[in-house]
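Model, not experiment: these values are computed from the prediction. The analysis underlying the following values was restricted to heavy atoms, covering all of them including side chains, and did not include hydrogens, waters or symmetry mates.
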Amino acid sequence: MPDRLPTEPVFTETMQIGIVVPDLDAAIRTYRDIYGIGPWEVFEVGPENSHDVRLFGQPVEWRGRAAMTMVGGVMWELIQPLDDNGLFARFLAERGGGVHHIAVATPDFRRTLQEQAERGNEPILSGTFSGVEVDFLSTERDLGVILEVFSGMPKKQTGEG
């Protein structure tokens with residue numbers, strides 16, 4: 001573990017809250033109808049819009065349905081896994097759903113990943129999703145939640161492939 005502490009903030013913006021749900025349509029109805037959160041944009045995640053996806057460093061292909069909306073400046077993402085063994089499916093099986101990760105921005109994506117790896121926070125899941133590189137870091141033991149580091153802000157999913 002490095003001896004030095006950060007002299008300036010490493011993570012400069014909260015980009016997204018990722019919530020795993022067992023039923024995306026039911027979750028959207030609850031968020032929208034009871035809590036007034038929405039409107040939601042629904043999309044599928046799979047090989048057509050994700051590339052070089054790795055789970056614990058090993059290539060993996062996974063599918064899911066997701067929905068996103070903005071609450072202020074933070075994207076809320078609901079994720080329903082459509083596979084049995086992926087990261088989100090495992091979380092759902094173990095915990096029944098809930099907040100899975102918080103995505104953050106950093107001024108230097110590569111440097112941050114390197115520094116986090118030196119601290120033992122290796123990527124759990126990594127890949128490129130709709131043109132944005134992401135790494136889910138193993139920060140749960142320290143922070144109580146996984147941090148997802150974005151290389152940029154995801155664009156709207158509609159019409160992308």
Between atom CD of E133 and atom OG of S126, what is the distance when rounded to the nearest 0.5 Å?
9.0 Å
L24 backbone acceptor or donor facing Q80 side chain under 3.5 Å
yes
Linking I/L/V/M/F/W/Y whenever their side-chain heavy atoms sit closer than 4.5 Å, directly or via other members, would I102 and L78 fall into one cluster?
yes
Do F109 and F150 touch side chain to side chain, with heavy atoms closer than 4.5 Å?
no
Ion pair check, D52 and R54, cut-off under 4.0 Å
yes
Non-hydrogen atoms of M15 and V104 that approach each other most closely
CG-C, 3.7 Å
Is any side-chain heavy atom of Y31 less than 4.5 Å from a side-chain heavy atom of I19?
yes
Once you round to the nearest 0.5 Å, how far does CZ of F91 lie from NE2 of H100?
6.0 Å
Atom CG of residue position D33 - does it have more than 12 heavy atoms of other residues, nucleotides or ligands inside 6.0 Å?
yes
Between V134 and V149, is there a side-chain heavy-atom distance shorter than 4.5 Å?
no
Heavy-atom pair of closest approach, residues S151 and V132:
OG-CG1, 3.7 Å
Could you walk me through whether N49 and F129 satisfy the side-chain contact (heavy atoms from CB on, under 4.5 Å) test, starting with their C-alpha distance in whole Å, then the side-chain angles of each, then the deciding distance to 0.1 Å, before giving a yes or no?
CA-CA 6 Å; N49 58 7; F129 300 89; 5.7 Å; no
Side chains of P81 and R63 in contact at under 4.5 Å (non-hydrogen atoms):
no
What pair of heavy atoms forms the shortest contact from W76 to W40, and how long is it?
O-CZ3, 3.5 Å
Heavy atoms only: give me the nearest G96-P22 pair and the separation to one decimal.
O-CD, 4.4 Å
Look at R141 together with E122 and state whether they make a salt bridge at an N to O cut-off of under 4.0 Å.
no
Sub-3.5 Å donor-acceptor pair from the side chain of T106 to the main-chain atoms of V10, do we have one?
yes
In terms of side-chain geometry, is the basic nitrogen of E115 or R110 positioned less than 4.0 Å from the acidic oxygen of its partner?
no
Which pair of heavy atoms, one from P39 and one from T69, lies closest together, and at what distance?
O-OG1, 2.6 Å
Looking at CG of N121 and OG of S138, how far apart are the two atoms once the value is rounded to the nearest 0.5 Å?
4.5 Å
Is a side-chain donor-acceptor pair under 3.5 Å present for H101 with Q16?
yes
Say you draw a straight line from CG of L113 to CD of E118; how long is it, rounded to the nearest 0.5 Å?
11.5 Å
Would you please test E77 and I79 for side-chain contact (heavy atoms from CB on, under 4.5 Å) and show each step?
CA-CA 6 Å; E77 179 183 43; I79 304 160; 3.6 Å; yes
Just verifying a value: how many Å separate I28 CD1 and I37 CD1, rounded to the nearest 0.5 Å?
12.0 Å
In one Ile/Leu/Val/Met/Phe/Trp/Tyr side-chain cluster, 4.5 Å: L87, L82:
no
Are L125 and I146 packed together at the side-chain level, in the sense that at least one heavy-atom pair is separated by less than 4.5 angstrom?
no
Test your reading of the model: is there a side-chain donor-acceptor pair from T139 to the backbone of V145, 3.5 Å cut-off?
yes
On a heavy-atom basis, which atom in T14 and which in V74 lie closest, and how many Å separate them?
O-CG2, 3.8 Å
In plain terms, say whether D25 and R65 are close enough for a salt bridge, that is, a side-chain N and a carboxylate O under 4.0 Å apart.
yes
Counting only N and O atoms by type, is there a donor-acceptor contact under 3.5 Å from the side chain of R90 to the main-chain atoms of N85?
yes
